[in-house]
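One structure is given below, encoded as structure tokens.
Reminder, nothing fancy here: chain letters follow the sequence lines and each chain counts from 1.
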2 protein chains.
Amino acid sequence: MYRIGELAKAFEIKSDTLRFYEKQGLLAPSSRSSSGYRMYTEQDKQTLSFILRAKAVGFSLADIKSLLSIEVDKANSVCADVKALVNAKLTDIEVKMAELTRFHISLQRLADACCGSAKSAEHCTVLEALESDVDQVRHEHHH
Amino acid sequence: MYRIGELAKAFEIKSDTLRFYEKQGLLAPSSRSSSGYRMYTEQDKQTLSFILRAKAVGFSLADIKSLLSIEVDKANSVCADVKALVNAKLTDIEVKMAELTRFHISLQRLADACCGSAKSAEHCTVLEALESDVDQVRHEHHH
DNA sequence: ATAAACCTTGGATATAGGTCTAAGGTCAAG
DNA sequence: CTTGACCTTAGACCTATATCCAAGGTTTAT
Ligand SMILES: [Zn+2]
Ligand SMILES: [Zn+2]
Ligand SMILES: [Zn+2]
Ligand SMILES: [Zn+2]
């Protein structure tokens with residue numbers, strides 16, 4: 001069992017953030033101590049880890065809540081609902097990954113084309129590489 | 001040449017957003033009409049496309065500005081600087097992709113394990129699938 | 001027994017990224 | 001030559017996601 005400050009420190013966030021998540025319905029401690037302290041279990045810690053990872057890849061707190069709420073509501077849901085929600089999130093992720101891949105290709109092409117020397121970048125065609133639709137970027141490089 | 005409203009409409013954003021990007025130093029129209037209207041070129045349109053794609057994959061406007069500024073500053077930069085910045089962004093992208101992949105695996109595992117039927121999801125172990133570190137999720141599924 | 005950490009409610013402030021309003025000027029169509 | 005769409009600026013306002021602070025009280029650690 002972790003107290004709020006311990007859990008916060010473990011993830012390098014503030015206690016305030018945990019109270020905030022609680023208010024937002026994302027993560028409530030599994031119990032309170034007799035003196036009223038929030039007591040977080042390993043399970044809570046896992047959930048927090050999930051929340052932070054989801055945030056890191058661009059899900060909003062609302063998105064995350066909807067994922068977490070599957071658990072809460074599952075007594076009242078049917079598998080078809082669960083599966084539909086999960087599949088929707090899978091699609092979101094696939095879209096994000098496709099965009100990232102596209103970006104990576106552009107930037108990689110640029111990095112490859114740039115000599116990386118200490119000479120002026122005057123002719124280094126960054127934006128061309130970034131903006132053009134793949135394939136036809138020419139790098140007859142300078143210097 | 002596009003007027004602000006035309007360009008905005010083409011990307012389904014507000015004219016306000018374009019003015020905002022201009023104030024933030026992200027994208028200024030190449031010229032103004034005699035009456036002061038912002039006039040955007042094809043090149044500007046390409047840059048906007050770049051900005052929006054970068055945003056869509058989670059780069060902040062500040063990040064994007066730093067990428068765009070390579071172009072602006074390149075007369076004063078050397079290839080080494082350009083390459084360093086680009087490589088840093090490549091690393092960012094790789095990190096995001098790794099996280100997304102991890103997420104995708106978790107969710108996919110869940111989707112696979114869930115029967116998707118109209119029966120109660122009471123035993124559908126969503127959070128277990130989401131939270132556990134890969135590999136050891138057991139789905140001896142219900143019903 | 002004192003400090004450090006925690007609790008509460010409630011509100012202020014911050015940052016990012018817009019979105020809207022007010023008060024006016026410009027332009028194309030009928 | 002009027003109407004309605006579009007433009008200008010400056011600044012107010014909004015949401016999401018926190019972070020901080022106040023005031024007053026309790027608990028835990030040393
Ligand atoms: Zn170069
Ligand atoms: Zn070079
Ligand atoms: Zn199921
Ligand atoms: Zn099922």
Over all strands shown, is [X] touching base, sugar-phosphate only, or nothing at heavy-atom distances under 4.0 angstrom?
X: A:I4; result: sugar-phosphate
X: A:S60; result: sugar-phosphate
X: B:R19; result: base

Within the structure, does a side-chain N or O atom of [X] lie under 4.0 Å from either OP1 or OP2 of [N]?
X: B:K14; N: C:dC20; answer: yes
X: A:R32; N: C:dC6; answer: no
X: B:T17; N: C:dT19; answer: yes
X: B:S33; N: C:dT26; answer: no
X: A:R38; N: C:dC6; answer: no

Can you tell me the distance, in whole Å, between the [atom1] atom of [X] and the [atom2] atom of [N]?
X: B:L61; N: C:dT19; atom1: CG; atom2: P; value: 12 Å
X: B:L7; N: D:dC7; atom1: CG; atom2: P; value: 10 Å
X: B:K23; N: C:dA16; atom1: NZ; atom2: C1'; value: 14 Å
X: A:E22; N: D:dA18; atom1: CD; atom2: C1'; value: 16 Å
X: A:E12; N: D:dT19; atom1: CD; atom2: C1'; value: 17 Å
X: A:Y37; N: D:dT27; atom1: OH; atom2: P; value: 8 Å
X: A:K55; N: D:dA16; atom1: NZ; atom2: P; value: 14 Å
X: A:D16; N: C:dT8; atom1: CG; atom2: C1'; value: 13 Å

Quick one: on DNA chain D, does A:I13 or A:S34 contact a more 5' nucleotide (nearest heavy atom)? A:I13
Between B:D44 and B:T41, does any side-chain donor sit less than 3.5 Å from a side-chain acceptor? yes
For A:Y40 and A:E6, does a side-chain donor sit closer than 3.5 Å to a side-chain acceptor? no
Between the base of C:dG18 and the side chain of B:Y21, is there a donor and acceptor pair under 3.5 angstrom? no
For B:F20 and A:R3, take the nucleotide of DNA chain C holding the closest heavy atom to each; which residue's nucleotide lies nearer the 5' end? A:R3
First of B:A62 and B:S35 reached from the 5' end of DNA chain C, by closest nucleotide: B:A62
Side-chain ion pair, B:D16 and B:R19, N-O less than 4.0 Å: yes
Ring centroids only, cut at 6.0 angstrom: are A:F50 and B:F103 within range, meaning strictly under it? yes
Consider side-chain contact (heavy atoms from CB on, under 4.5 Å). Of B:L68, B:L48, B:T47, which one does B:L26 pass it with? B:L68
